[in-house]
Number of protein chains: 2
Amino acid sequence: MGRRPDLDWSHACRDCAVGTSAVCSTLDVTALADLRNQGSSIQLAAGQPLFHQGDPADRTFSLTSGVVKLYSVLPDGRRQVIAFHFPGEFIGFSPSEDYHCTAEAVSAATLCRFETGRFEQFARSSDELARSRHERVARDLVAAQTRAMVLGQAAARERLAHFLCDVHRRSQARPAGASGIVPLPMSRSDIAEYLGLAKETVSRELSALRATGIVRTISRNLLEIRDMERLRRLAIV
Amino acid sequence: MGRRPDLDWSHACRDCAVGTSAVCSTLDVTALADLRNQGSSIQLAAGQPLFHQGDPADRTFSLTSGVVKLYSVLPDGRRQVIAFHFPGEFIGFSPSEDYHCTAEAVSAATLCRFETGRFEQFARSSDELARSRHERVARDLVAAQTRAMVLGQAAARERLAHFLCDVHRRSQARPAGASGIVPLPMSRSDIAEYLGLAKETVSRELSALRATGIVRTISRNLLEIRDMERLRRLAIV
DNA sequence: TCTGCAGGTTGATCCAGATCATTCGTGGCA
DNA sequence: TGCCACGAATGATCTGGATCAACCTGCAGA
């Protein structure tokens, strides 16, 4: 799993599942221990919230396992899933005092928690951490802008195809193998709220993809992409 | 216009219209001159491109006057306007080698151009610049995520209302007065492509807002908000 | 083993907004 | 002054996906 040979790894982060891809991987061993020591690892059960829209944004998190969704809710109950986050990704950068959305575990998840202010200090003292953080946020920005394309222009089938490709790519990042198996720990409603569709439409379009042999359903939340070529062509973006 | 009294302003940036709100406002006078000297001010006529999707991302820009749109185009011609940018905003942060979208002036515009690599160096040496840049990108990210809410959940009328409030706020930032006048230098098609609607729908909904007295059309691209309260209630987000 | 129920799928109908078509208005130019 | 061209507004029609309504399926708990 490619651990960095220049570190002795004899501290709390030694066994981190996302050690080489997380933001903190840019820190040397002393700084890392230092940063880590301020906070702790948290475990969430599926469905448990990490923070709520409007809470003071005094924590940031590095997701080490599981899937977390960000969403916000309108007064009238309409709900938009803003993003799904996968292991190795960072959660909780906020340009304001408060979180502007709610974060909730989709499956059992573990995270590293940092106190935002101290993280900020580290960013000040470490060019590398600051640079890496900037790159991450910039990547999130591009992802969010790509979503504008999907939500603004793509038809239901295209949205779903794009979603499946995206989840495949991002969950695949870890276990290497190009298996075509896609874990879908989130419910159909979550997917629908992410794609700006009704859950019935997600169900129907998934059935359609199944009917054309592009995809096979292994179980409720496990799916196999059988024709990546065609799926990608559908995904457009 | 609130110039910072601790600077002598006796250099090229002295007359910058967005001096106090631009990223570079965090730099002291020497660093600023230094950063500025590498690049130059550019002028664009309405419709002129700043960069194209796929171009190497070796320039970043600070918009000092005018409006610029970012958009990307699908192979089949569908087009999504990703963002409109107003004076004081930054353009061209990219986490990859290439720009992922095209930038084009909507009205005549002037910008400061920085060489990305050198800007990066400055960010390394100036905590403040790095922090300010991070804050900007994080704000852009929140804006992009808010757009997901709008594009995923809002009805046509709500989208338009949200758009008008947003443009009002962001263009108002500069001339202070709470006049209710909104300049709309972009075409109806631009707005439609920004909101994921057909241009006919934008036209119709605008007429509807006019009919209910919420809004008044001064000219093709100048509009007055007559009932901000109701417009905001429509905008939802 | 049965029962309840939450999440998922499928079917029938409806409607917001797309699309196609026409008309209107304004500004540039001979 | 009249003509042209292009963007905007409006009208008529069509349709993708929402909504409403059963129904199915697999698991938890008695």
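The basis for the numbers below is simple: all heavy atoms, side chains too, and nothing from hydrogens, waters or symmetry mates. In the text below, chain A, chain B and the rest are named by the order of the sequence lines, each starting its count at 1. Predicted, not measured: the structure shown is a model, and the values here were computed from it.
Not a single donor-acceptor pair under 3.5 Å links the side chain of A/Arg147 to the backbone N or O of A/Leu195. With hydrogens and angles ignored, the 3.5 Å screen pairs no side-chain donor or acceptor of A/Thr201 with any backbone N or O of A/Leu197. Side chain of B/Ser107 to backbone of B/Pro185: no donor-acceptor contact under 3.5 angstrom is found. No side-chain donor-acceptor contact under 3.5 Å links A/Ser65 to the backbone of A/Ala109. Put simply, the side chain of B/Thr116 gets close to the backbone of B/Ala57: a donor and an acceptor are under 3.5 Å apart. Listed for the B/Glu205 side chain is no donor-acceptor partner under 3.5 Å among the backbone atoms of B/Val202.
Pairs passing the salt bridge (Lys or Arg N to Asp or Glu O under 4.0 Å) check and including a residue from residues 47-68 of chain A, sequence neighbours excluded, do not occur. Residue pairs meeting the salt bridge (Lys or Arg N to Asp or Glu O under 4.0 Å) criterion with at least one partner in residues 83-93 of chain B, sequence neighbours excluded, are B/Glu89-B/Arg170.
Atom CG of B/Leu70 sits about 11.0 Å away from atom CD of B/Gln53, to the nearest 0.5 Å. Distance check: B/Met149 CE to A/Ser72 OG gives 5.0 Å after rounding to the nearest 0.5 Å. One finds the OG1 atom of B/Thr60 at 10.5 Å from the CZ atom of B/Arg113 (value rounded to the nearest 0.5 Å).
Residues that satisfy the salt bridge (charged side-chain N to carboxylate O under 4.0 Å, His left out) test with B/Arg216, not counting sequence neighbours, are B/Glu224. With sequence neighbours left out, the ring-ring contact (aromatic ring centres under 6.0 Å, His included) criterion links B/His100 to no other residue. For A/Arg79, the side chain to side chain contact (heavy atoms under 4.5 Å, CB included) partners are A/Tyr71, A/Val73, A/Glu193, not counting sequence neighbours.
Against DNA chain D, the stretch residues 201-212 of chain A makes heavy-atom approaches under 4.0 Å through A/Thr201, A/Arg204. If you check residues 152-167 of chain A against DNA chain D, the residues with a heavy atom closer than 4.0 Å are A/Ala155, A/Ala156, listed by number. Contacts between residues 189-196 of chain A and DNA chain C, defined by a heavy-atom separation below 4.0 Å, involve no residue at all. Near DNA chain D, meaning a heavy atom under 4.0 Å away, there are no residues from residues 65-76 of chain A.
Nucleotides of DNA chain C with any atom under 4.0 Å from a heavy atom of chain A span, from 5' to 3', C/dG7 to C/dA12. Bounding nucleotides for the chain B contact on DNA chain D, 5' to 3', at a heavy-atom distance below 4.0 Å, are D/dG7 to D/dA12.
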Exercise for review: Assess whether side-chain hydrogen bond (donor to acceptor under 3.5 Å, both in side chains) is satisfied between B/Ser203 and B/Arg188, documenting all intermediate values.
Suggested key: CA-CA 7 Å; B/Ser203 213; B/Arg188 300 291 189 261; 5.2 Å; no
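Ring to ring, A/Phe163 and A/Tyr194 are close: their centroids are under 6.0 angstrom apart. Aromatic ring centres of A/Phe119 and A/Phe61 lie farther apart than the 6.0 Å criterion allows. Less than 6.0 angstrom separates the ring centroid of A/His134 from the ring centroid of B/Phe93.
Atom CZ of B/Arg232 is surrounded by 12 or fewer heavy atoms from other residues, nucleotides or ligands within 6.0 Å.
Taking the side chain as every heavy atom from C-beta outward, A/Val215 and A/Asp227 never approach each other to under 4.5 Å.
For the helix from C/dT1-D/dA30 to C/dA30-D/dT1, the terminal axes (five pairs an end, C1' atoms, rotation from four pairs onto the next four) enclose an angle of 30°, given to 10 degrees.
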